[in-house]
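All remarks here apply to the structure that follows.
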Amino acid sequence: MLIRETIRTALRSLASNRLRTALTTLGMVIGVAAVVAVLAIGEGARASVESRIRALGANLLLVRPGTAQRGGIRGGSVETLTAADGEAIAELSGVVAVAPESSGAAQVKHRSANANKSIVGTSPSYFEVRSVGIASGVGLTELDLRTRRRVALLGANVANELFAGQSPLGERVQIQGVSFQVVGVLAPKGDAGYASPDDQVIVPLTTHQGVLFGRDYVGSLAVQLESEDRSDEVQSHIENVLRLRHGIRPGAEDDFHVRSQTEMLETMGEVTGTFTALLGSVAAVSLLVGGIGIMNIMLVSVQERTREIGVRMAVGARRRDVLLQFLVESIIVSLFGGAVGLVSGYAAAELVARFGGWDTIVPVHASALALGTSALVGLVFGVGPARRAARLDPVEALRHE
């Protein structure tokens, strides 16, 4: 009954000064709204990065060559990674498929249209490993690899640039002066990292190496796993196989790097989490300002209601009753500001997503965090004014004008 009556009294007191109460809560509204909006933007960025990394392929390990060392200075990549290494890795338990990849930039022409694009030489397993779909036509075959056929699949953007919306199937394009027949067009995938399939031309690996660029090594090996749970185990086996194949002595440094999709996700998660925490800390300063505003107004309220406090004490109110009264008022003001700020934060996140083009996701814990923080701010910054009110001398309070 005491708590209920205290809350009623607090609400009546706050309602009697509506404008002052509204201005007091403004700091909390801005602070909570800013924190919620920042959390939504940060969570959206994390989810966007995660989706892009996963779009590169499911359950993926990426094997890349190490850096060469000349005269004590590291620079460039070693040229020891081969398609045969990929075939050896494909025999390991837990490996579904391996796609060797070799890339290079070249001019792609069709009649008067031309563009400088990334030319990727790979194997038929590339499309499964990298989760790349084919919108029309066919993919690569083992026969294409064995016979070094001059066939190509165009990324969605490349096809649009060279053929202006017309079907390129069966047409010929010039890649570095060599004629290739277009046998397929890749399904649009969007920006999936530093090298989007939409801006690539896919050719057989053997043709890429022997006809276009004259290489006998590959730039990377994409390894698809049965399950992410076996990532560490398979990664260890891959490292052992490659060390044996490359004749690396015990204790010597690897001439390759193996990176898992899980590691990439964790790294990017840490980066986005750090930026979210940084921006959230800046936004949280508004909560501090809002708390100071609440304390200031409550001190003014104590000064204005000194005679009222004296009357309450004279008719039997205890010091703890007065303390509780002002604490409840402070918490109510803060919670009200937090609730309004929470709604405003959701609205701000929606506006950013709709008009700013950013992905925003309001975390599930945002509501509890916002309201909990608001109550804590009200409690912390309300203690001082409440203690001051409770320590007033009843006689002196009754004399106050």
Side-chain angles (χ1 to χ4, degrees), residues 48 51-58 60 62 83 86 97-215 218-222 224 357 359:
S48 177
S51 66
R52 291 184 180 185
I53 292 177
R54 291 192 180 279
L56 297 176
L60 198 66
L62 198 63
V98 178
E101 300 173 18
S102 183
S103 63
Q107 200 76 9
V108 185
K109 298 181 180 180
H110 174 69
R111 296 177 183 173
S112 61
N114 70 88
N116 191 277
K117 296 297 180 180
S118 175
I119 314 301
V120 177
T122 187
S123 66
S125 59
Y126 171 86
F127 305 97
E128 176 188 358
V129 173
R130 286 292 194 176
S131 300
V132 175
I134 299 175
S136 60
V138 296
L140 300 178
T141 66
E142 292 296 334
L143 180 62
D144 295 334
L145 289 180
R146 290 197 301 269
T147 60
R148 292 189 180 183
R149 287 189 65 193
R150 299 179 183 184
V151 294
L153 289 92
L154 307 182
N157 293 343
V158 181
N160 288 332
E161 289 180 33
L162 298 182
F163 293 89
Q166 301 297 317
S167 174
L169 296 181
E171 299 289 338
R172 289 194 169 271
V173 295
Q174 301 290 320
I175 303 177
Q176 214 160 255
V178 181
S179 179
F180 281 74
Q181 183 181 20
V182 179
V183 296
V185 177
L186 303 180
K189 193 169 185 178
D191 185 9
Y194 66 93
S196 172
D198 294 349
D199 293 310
Q200 294 177 345
V201 177
I202 308 297
V203 300
L205 177 63
T206 51
T207 308
H208 187 281
Q209 293 178 323
V211 177
L212 292 177
F213 295 96
R215 300 171 180 169
V218 298
S220 64
L221 297 171
Q224 184 183 20
D359 294 330

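Just so it is clear, the model here is predicted, and its values are computed rather than measured. What you see below is based on every heavy atom in this structure, not just the backbone, and it leaves out hydrogens, waters and symmetry mates.
Side-chain contact between Leu62 and Leu221: absent, with no pair of heavy atoms (C-beta onward) separated by less than 4.5 Å. Looking only at side-chain heavy atoms (C-beta outward), Val158 and Glu161 stay at 4.5 Å or farther from each other. For the pair Leu169 and Val183, the minimum side-chain heavy-atom distance is 4.5 Å or more. Side chains of Pro124 and Glu142 form a contact here, defined as non-hydrogen atoms less than 4.5 Å apart. Between Val218 and Glu101 there is no side-chain heavy-atom pair separated by less than 4.5 Å.
Distance check: Ile175 CD1 to Phe213 CZ gives 8.5 Å after rounding to the nearest 0.5 Å. The CD atom of Gln174 sits 11.5 Å away from atom CG of Leu162, with the distance rounded to the nearest 0.5 Å. The distance from the OG atom of Ser131 to the CD atom of Gln224 is 7.0 Å, given to the nearest 0.5 Å. One distance of note links OG1 of Thr206 with CZ of Arg149; it measures 11.0 Å at 0.5 Å rounding. Atom CZ in Phe127 sits 6.0 Å away from atom CD1 in Ile202 (nearest 0.5 Å). Taking OG1 of Thr207 as the reference point, atom CG of Leu145 lies at 7.5 Å (rounded to 0.5 Å).
Residues Val120 and Ser103 come closest through the heavy atom pair CG2-CB, 4.2 Å. The minimum heavy-atom distance linking Ala99 with Thr122 is given by the pair CB-OG1, 4.1 Å. The nearest pair of heavy atoms linking Ala105 to Asn116 is CB-OD1, 3.8 Å.
A donor-acceptor contact shorter than 3.5 Å is absent between the side chain of Gln107 and the backbone of Gln176. Under a 3.5 Å cut-off, the side chain of Ser118 and the backbone N or O of Gln200 do not form any donor-acceptor pair. Between the side chain of Asn160 and the main chain of Asn157, no donor-acceptor pair closer than 3.5 Å is present. Proximity of a side-chain donor or acceptor of His110 to a complementary backbone N or O of Phe163 within less than 3.5 Å is not detected. Formation of a donor-acceptor pair under 3.5 Å by the His208 side chain with backbone atoms of Ile119 is found in this model.
Counting non-hydrogen atoms of neighbouring residues, nucleotides and ligands closer than 6.0 angstrom, the CZ atom of Arg111 reaches no more than 12 such neighbours. Crowding of Arg215 atom CZ: a count of heavy atoms from other residues, nucleotides or ligands under 6.0 Å exceeding 12.
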Before giving the answer on side-chain contact (heavy atoms from CB on, under 4.5 Å), spell out for Ser123 and Leu205 the whole-Å C-alpha distance, their side-chain angles and the decisive distance to 0.1 Å. CA-CA 6 Å; Ser123 66; Leu205 177 63; 5.6 Å; no
Evaluate Asp198 against Leu186 for side-chain contact (heavy atoms from CB on, under 4.5 Å), listing each step before the verdict. CA-CA 7 Å; Asp198 294 349; Leu186 303 180; 5.8 Å; no
Apply side-chain contact (heavy atoms from CB on, under 4.5 Å) to the pair Leu153 and Val201, showing each step before the final yes or no. CA-CA 6 Å; Leu153 289 92; Val201 177; over 6 Å; no
Decide yes or no on side-chain contact (heavy atoms from CB on, under 4.5 Å) for Phe180 and Val178, but give the supporting numbers first. CA-CA 6 Å; Phe180 281 74; Val178 181; 3.6 Å; yes
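Defined by atom type and a distance below 3.5 Å, a donor-acceptor pair is present between the side-chain atoms of Ser179 and Arg172.
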